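Worth knowing before you read on, the calculation uses all heavy atoms, side chains too, and leaves out hydrogens, waters and symmetry mates. All of these numbers come straight from a predicted model, not from anything done at the bench. Lettering of chains follows the sequences in order, A, B, ..., and the numbering in each one begins at 1.
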Amino acid sequence: MNTTTQIEVEALLARYVHCIDDGKLEEWPGFFADPCKYLITSAENHERNLPVGIFIATSRGMLQDRVSALREANIYEPQRYRHIVSSVLITADSGGAVTAQANFQVIRIMHDGTMDLFCTGKYADRIVGTGDARTYAEKLVILDNKRIDTLLAIPL
Amino acid sequence: MNTTTQIEVEALLARYVHCIDDGKLEEWPGFFADPCKYLITSAENHERNLPVGIFIATSRGMLQDRVSALREANIYEPQRYRHIVSSVLITADSGGAVTAQANFQVIRIMHDGTMDLFCTGKYADRIVGTGDARTYAEKLVILDNKRIDTLLAIPL
Amino acid sequence: MNTTTQIEVEALLARYVHCIDDGKLEEWPGFFADPCKYLITSAENHERNLPVGIFIATSRGMLQDRVSALREANIYEPQRYRHIVSSVLITADSGGAVTAQANFQVIRIMHDGTMDLFCTGKYADRIVGTGDARTYAEKLVILDNKRIDTLLAIPL
Amino acid sequence: MTALQSNRWPEGVTRVPYWLYNDEDVAKREQASVFEGPTWNFLCLEAELPKPGDYVTTFVGAAPVIVARDLDGSVTGFENRCAHRGALLCFKSHGNAKQISCIYHNWTYDLKGNLTGVTFQKGIKGKGGMPPEFNKAEHHPRPLRIGNIGGILFGTFSDRAPALEDYLGPEIVTRIMRVMRRPVKVLGYCDQGLPNNWKLYMENVKDPYHASLLHTFFTTFKINRLSQPGGIIIDAKQTGHHVSYSMIERGQHTASEYDKTELRARKEDYRLADPSILDGVDEFGDGITLQILAVFPNFILQQIQNALAVRKVLPLGLAKSNLTWTHFGYADDDEKMTEIRVKQSNLVGPAGYISMEDGVVGGFVQRTVAGAGDAMEVIEMGGHEMATQDTRATEAPLRGYWKMYREIMGI
Amino acid sequence: MTALQSNRWPEGVTRVPYWLYNDEDVAKREQASVFEGPTWNFLCLEAELPKPGDYVTTFVGAAPVIVARDLDGSVTGFENRCAHRGALLCFKSHGNAKQISCIYHNWTYDLKGNLTGVTFQKGIKGKGGMPPEFNKAEHHPRPLRIGNIGGILFGTFSDRAPALEDYLGPEIVTRIMRVMRRPVKVLGYCDQGLPNNWKLYMENVKDPYHASLLHTFFTTFKINRLSQPGGIIIDAKQTGHHVSYSMIERGQHTASEYDKTELRARKEDYRLADPSILDGVDEFGDGITLQILAVFPNFILQQIQNALAVRKVLPLGLAKSNLTWTHFGYADDDEKMTEIRVKQSNLVGPAGYISMEDGVVGGFVQRTVAGAGDAMEVIEMGGHEMATQDTRATEAPLRGYWKMYREIMGI
Amino acid sequence: MTALQSNRWPEGVTRVPYWLYNDEDVAKREQASVFEGPTWNFLCLEAELPKPGDYVTTFVGAAPVIVARDLDGSVTGFENRCAHRGALLCFKSHGNAKQISCIYHNWTYDLKGNLTGVTFQKGIKGKGGMPPEFNKAEHHPRPLRIGNIGGILFGTFSDRAPALEDYLGPEIVTRIMRVMRRPVKVLGYCDQGLPNNWKLYMENVKDPYHASLLHTFFTTFKINRLSQPGGIIIDAKQTGHHVSYSMIERGQHTASEYDKTELRARKEDYRLADPSILDGVDEFGDGITLQILAVFPNFILQQIQNALAVRKVLPLGLAKSNLTWTHFGYADDDEKMTEIRVKQSNLVGPAGYISMEDGVVGGFVQRTVAGAGDAMEVIEMGGHEMATQDTRATEAPLRGYWKMYREIMGI
Ligand code: FES
Ligand code: FES
Ligand code: FES
Ligand SMILES: [Fe+3]
Ligand SMILES: [Fe+3]
Ligand SMILES: [Fe+3]
């Protein structure tokens with residue numbers, strides 16, 4: 001296996017989750033190629049090949065719109081996420097594109113301190129670029145849980 | 001420390017948990033040497049040197065039987081696991097055998113979407129072989145929680 | 001990025017959490033420089049620049065006193081932690097000091113088997129020394145949850 | 001003494017006491033009188049049962065039920081509880097079977113819910129078995145009457161429930177058929193956990209007043225605003241159903257109170273970087289961009305531009321509920337049309353730009369209930385009546401809902 | 001009004017209402033009338049208290065208790081609640097102590113539960129302290145009567161409970177002693193959380209009818225099948241206890257209804273890659289490969305081949321319970337014998353090949369209770385009586401259990 | 001029938017039944033009679049509302065409330081529930097606003113809680129809107145009376161509550177002002193979840209008897225021991241408040257029962273590696289190293305050396321509660337003094353060397369309640385009276401607390 005690629009892909013994911021957990025959402029679209037595919041869906045929909053999930057974006061613009069909607073338009077209680085990811089596994093590495101999957105869980109912490117296991121699942125990623133300049137051409141967020149508690153505002 | 005060994009042992013564990021979480025149980029026995037020791041037990045039993053835990057296998061055959069029982073014989077609700085592992089620590093590396101421990105937690109997700117923290121604990125592994133051909137000669141799954149909710153079907 | 005540093009910092013954290021989870025608290029102060037800053041606080045206090053958190057130590061002696069108080073003085077039910085950490089991100093590396101952050105979650109398991117998500121948060125570390133001799137000159141344990149269930153005895 | 005026992009609810013429906021959202025006895029009576037009473041409960045779409053033997057499991061309130069396509073092609077339904085010792089008969093969300101066997105002791109049923117086999121009824125080697133007088137015909141799960149309107153399947157345990165079409169009334173039927181005009185296909189499922197009593201979600205759905213005030217996204221992009229043409233339809237019999245709709249503003253927009261009022265919800269300067277999400281088509285040819293239709297007690301049919309869905313809310317205890325979204329399109333949609341619906345699904349669901357807030361606002365009410373004592377909601381927007389009107393500055397649909405609720409609950 | 005108050009349970013035990021599994025008042029009365037009533041509750045094995053000062057903490061229903069080996073060698077038991085202001089006296093699962101000190105104010109007790117010291121009873125420097133009339137002898141935790149049968153310790157809070165041997169009856173005592181013939185040692189502990197009311201697990205244990213139908217593994221390997229010789233034993237006094245057993249088929253297996261019936265559970269072609277798990281020994285010399293013995297209200301003694309265990313189920317609220325498994329062998333087992341028991345432990349417990357399903361089937365019933373209203377279980381397999389019989393195609397043990405339950409609960 | 005209905009509590013306060021900690025009706029009546037009754041509930045520190053428009057959200061029992069600094073500079077308070085349909089008005093823990101707008105339908109309120117705007121009250125284009133007779137003045141959240149003692153803000157919903165100073169009485173006021181002598185600033189917040197009924201924490205706080213027995217750290221370092229000079233102060237009117245204090249031992253320590261008794265809590269040989277935590281200053285000049293002051297029903301003011309804090313305990317259901325710690329210093333503390341308080345904060349809070357045990361001991365009692373039936377606590381240390389005395393070997397403050405509780409609850 002290629003040690004460097006492994007560590008770089010892990011580092012990309014580390015930067016990605018810290019970006020979200022630190023609330024730097026404006027930087028989040030920058031982790032993606034443009035056009036791209038970002039889809040949050042449930043394992044059930046994914047396995048039954050149903051196209052409608054929880055949220056989809058096919059361009060950086062749609063990702064930016066998500067952020068501005070959260071900043072400007074939508075009302076939701078102050079909350080933060082804590083991503084715990086593990087087992088980044090590179091499943092293919094050819095011609096500048098790396099395919100990888102990783103396990104994740106997200107704990108949602110409300111401003112009043114309430115802490116809940118919000119969701120778990122698998123990232124299925126296609127990564128383009130090299131070194132520290134890698135971006136996600138495709139990021140499927142496949143949730144194990146088909147129930148979302150209350151609402152899903154912040155991206156996963 | 002030996003960087004390569006560290007990364008290979010982490011990769012072995014990553015493949016192991018994705019194998020289970022992706023439901024590819026038929027491939028699971030292949031992660032073990034034959035004969036081997038696979039024991040799921042509680043920290044309490046482990047610390048009191050009590051031999052009976054939750055499940056034990058001393059051969060690949062017993063691991064295969066576990067899978068066929070789940071496929072053919074036993075009745076349980078559709079469910080999946082999500083393993084989150086961390087802190088793979090190599091505690092010994094001598095003569096082709098590596099001893100390592102790692103923390104884990106398993107979230108169980110039922111087909112209806114119910115998501116529970118199912119168990120947490122420590123993997124205590126003895127790994128034989130080299131490179132990508134490493135297998136578990138011994139894998140102790142030491143659970144922190146002594147209570148198992150409902151039933152334990154899928155291996156940990 | 002510096003692969004070796006990344007792996008060494010991850011290994012330091014791995015040893016740190018196994019030390020606590022294995023109950024070897026007497027070894028815990030040895031992970032810190034002397035003097036040092038170890039502070040457990042909530043994200044709320046941290047963001048509002050409020051100096052009082054949950055626990056603070058500014059010397060190895062204070063860390064040792066924490067351990068002896070737990071061993072000799074304080075009464076609390078037998079319990080253990082399971083740390084799950086992820087996304088170790090090195091944010092600066094200059095002149096022998098490395099700054100890094102990592103996500104963590106701690107599950108608390110009581111002697112009767114009760115298992116709870118005890119807290120989640122971020123380690124913000126300043127690490128001095130080199131190779132396997134690195135220690136924490138500063139370790140901020142910034143909890144997402146502002147509520148602590150029952151009591152906090154064992155360090156995080 | 002529980003709140004229900006002391007029944008502190010004055011006449012009428014312009015006041016609604018908060019204890020309705022936090023009382024065990026109310027919940028128990030709702031199961032008996034509302035869900036198992038003379039009402040029709042949404043079960044699933046007929047499109048989810050294409051082949052003989054297909055079944056889906058769901059709930060009528062708290063009662064688990066099975067809906068199946070019988071081998072003879074008819075749709076059947078019955079309680080999902082074995083007549084022997086009560087085990088769930090089907091524990092998967094959906095499947096296909098020629099008959100249903102209980103896993104506990106292997107009693108078997110046909111897809112109409114008739115008991116067809118009792119294992120060892122005659123014992124083994126002449127020992128044990130059921131007593132001679134045991135009669136299989138007397139033992140079966142409770143059957144459901146099934147109603148089908150445009151491929152939407154409803155069920156009731158009650159003989160007193162009128163025929164489904166009469167229950168809905170012509171105004172509602174017309175509006176259902178407007179959407180269910182062609183065969184549909186499921187595009188995706190989603191469950192949403194709501195931090196509130198199930199009725200608070202129904203209040204939200206039946207409240208045209210909040211839409212442009214709570215949901216900024218709505219108003220900002222003129223998908224909907226109170227000053228747009230629109231209104232509400234309430235069936236003449238006032239049986240607790242309603243439709244709320246709005247349409248594209250043709251010609252020039254005339255100033256109104258809406259525009260004069262200072263609203264948090266108005267951000268005229270706000271624009272999308274990628275507006276493709278709004279590239280919809282007027283597929284109904286009537287300019288109606290939004291139609292929300294609710295059937296008592298807990299069903300919603302949604303058309304928001306080209307995003308179509310059925311929703312159902314079920315209680316999970318007193319202070320939680322589960323909202324199920326079934327997104328659909330038409331069986332003959334081409335790829336392009338499906339892509340439009342997929343993108344517009346970003347508007348709805350738990351992460352939806354215009355439905356996100358509905359996930360939490362019920363919780364905001366629920367959190368004030370414990371301290372509310374005998375306090376009551378004030379439901380006077382649009383006056384006291386509960387009739388069809390061409391404004392959405394009204395809470396008439398809520399009043400209609402509570403009127404039906406009081407009748408059926410006998411409080 | 002709660003279900004218990006309206007007591008909707010017709011005469012007899014061939015029908016059992018589902019509301020018994022979901023009613024607060026039932027649970028409260030069970031604590032007072034069943035667990036704290038004239039019954040014997042399993043505490044632990046005597047082998048868990050080898051040395052003077054050893055103690056174990058457990059529960060009698062919801063009441064925490066301490067079982068100890070006193071310094072004089074006798075076994076004692078009392079409620080685990082300080083007589084001062086109610087703190088738990090011992091909060092560890094087990095330990096060893098010469099006396100027990102409450103951590104809150106340091107009141108001390110001997111291992112018989114007598115109050116031996118009250119800190120500052122006379123005050124400090126003549127100030128404060130307990131009033132002169134305070135008499136230590138009047139203050140102590142509630143004592144438990146202890147019964148010991150073959151090294152299995154039981155306790156009761158009730159004076160009305162008959163002596164343990166009379167409570168069990170000779171048939172049960174004989175079958176207990178068959179297993180407890182020699183000193184035992186604990187091989188392992190396990191807790192299992194059950195998603196159902198505790199009584200649903202007891203129903204499952206007392207139900208010989210389900211074994212070969214629910215548990216495929218059982219039948220596939222002929223560890224047990226209904227057509228094997230076997231039966232049930234019910235004590236003459238019908239006090240809610242029973243034994244269910246089966247034995248190796250000697251000679252040629254004769255066809256029976258069992259083999260003719262089409263059963264999910266039969267998979268003759270199914271084989272093990274490593275059958276060493278089945279290498280058992282007939283250590284009792286009577287060919288009985290399975291003996292399940294249940295004592296009212298919540299104790300089970302298990303022999304499945306060479307896998308021995310005691311089990312106890314305790315309520316955790318209405319819809320959950322905790323099942324404790326204590327696996328054991330004989331003190332004089334050699335390594336080889338222990339290895340056999342360890343491997344066969346794969347058959348039982350929460351992951352057990354033949355007990356796994358029992359962890360969820362009670363939950364399948366619990367999930368149908370909320371919608372069940374006044375519906376009732378049908379318990380007629382084997383007719384209406386509740387006597388010993390040589391078939392396991394019967395639900396007689398359930399009827400015996402419910403008969404005792406109704407008497408003791410007074411419903 | 002609930003425990004409260006059958007009210008099994010004999011006269012007096014030397015016995016307290018455990019069912020008080022586990023009864024739904026008790027909890028409901030506490031909300032109506034204790035928290036919303038003629039008592040004063042701690043809200044926050046005035047220092048948390050420095051600027052006009054600043055607000056803090058908190059609770060009076062289960063009722064969410066808003067405390068604000070009005071634009072006119074006065075402190076106001078009212079229930080955090082919209083007068084329309086009950087949504088929380090403010091959902092953040094704190095903030096600053098000129099007016100308060102409900103997010104649901106944008107009804108607006110001034111910082112005194114007056115309803116100032118009803119969106120579309122006159123409808124839109126002459127359609128809809130509120131009925132003409134609707135009068136804004138009749139609709140507003142329930143107001144709180146505000147009391148301020150030394151910058152500690154209290155509130156009450158009740159007109160029957162006496163003025164705050166009369167409620168507290170001169171003895172308590174004096175001891176509050178001893179600490180609140182100068183303007184304060186918040187140094188940190190912490191919430192602690194307690195595994196017990198809220199009253200068990202108040203019992204613990206009002207119990208001087210346990211301090212040196214449960215808390216080893218205390219005694220080991222002579223921060224406090226029962227033989228040190230100290231005592232308790234109870235207000236003459238016996239309204240359920242109290243102060244417990246201790247001071248440095250001057251001169252030579254004289255032997256006492258304390259030293260003769262064998263106590264788990266005494267470990268003379270135990271020393272700190274870094275004793276800087278104990279480098280405090282006698283900032284009050286009276287040698288009092290510890291003052292714990294409790295105001296009925298749920299407020300605590302703490303001085304432990306230089307660690308100052310206010311605490312408040314609120315019920316979270318029957319068996320859980322939330323304890324809020326607000327650590328503070330004086331506005332004019334220099335860096336060195338702040339550092340001292342920061343280090344000494346290690347003594348208190350959920351991880352505190354001398355408060356850690358209080359987080360769990362209430363849970364130890366709670367766990368024995370389910371099995372306690374009609375059993376009662378024994379509260380006789382220090383006799384039967386409830387007066388000021390110069391010993392802390394007494395439970396007098398508990399008796400005072402329960403006396404007030406019985407009066408207010410009418411049981
Ligand atoms: S419960 Fe269904 S067959 Fe027995
Ligand atoms: S509660 Fe046990 S000594 Fe006070
Ligand atoms: S609930 Fe507040 S404005 Fe309607
Ligand atoms: Fe809405
Ligand atoms: Fe079974
Ligand atoms: Fe204390």
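- Aromatic pair D:F154/D:F299: centroids less than 6.0 angstrom apart.
- Using a 4.5 Å cut-off between heavy atoms, E:D207 touches chain D through its side chain atoms alone.
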Sequence neighbours left out, cut at 3.5 Å: what donor-acceptor pairs do the side chains of residues 363-371 of chain E make with other protein atoms?
from   : atom 1 : to     : atom 2 : distance (Å)
E:Q366 : OE1    : E:N197 : N      : 2.7
E:Q366 : NE2    : E:Y21  : O      : 3.0
E:R367 : NH1    : B:E77  : OE2    : 2.9
E:R367 : NH2    : B:E77  : OE1    : 2.5
E:R367 : NH2    : B:E77  : OE2    : 3.0
E:T368 : OG1    : D:G86  : O      : 2.9
E:T368 : OG1    : E:V365 : O      : 2.9

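- Of the atoms belonging to D:E79, it is side-chain heavy atoms, and not backbone ones, that fall under 4.5 Å from chain E.
- A donor-acceptor pair is defined here as one N or O able to donate and one able to accept, closer than 3.5 Å; no such pair exists between the side chain of D:R145 and the backbone of D:G155.
- Environment of CD in E:E11: sparse, with no more than 12 heavy atoms of neighbouring residues, nucleotides or ligands closer than 6.0 Å.
- Residues E:E380 and E:R399 are not paired through a salt bridge, judged by the lack of any N-O separation under 4.0 Å between the basic side chain and the carboxylate.
- Looking only at heavy-atom pairs under 4.5 Å with chain E, the residue among D:A62, D:C82, D:A87 that has the most is D:A87.
- For residues 31-41 of chain D, the interface with chain E (any heavy-atom pair closer than 4.5 Å) comprises D:Q31, D:E36, sorted by residue number.
- Contact of E:A372 with chain D is made through backbone and side chain together, with heavy-atom distances under 4.5 Å.
- A salt bridge links D:D70 with D:K112; the closest basic N to acidic carboxylate O contact falls under 4.0 Å.
- D:L144 places a side-chain heavy atom less than 4.5 Å from the side chain of D:F157.
- With chain D as the partner, the residue from E:I379, E:N204, E:L200 showing the most heavy-atom pairs under 4.5 Å is E:N204.
- With hydrogens and angles ignored, the 3.5 Å screen pairs no side-chain donor or acceptor of D:N322 with any backbone N or O of D:L314.
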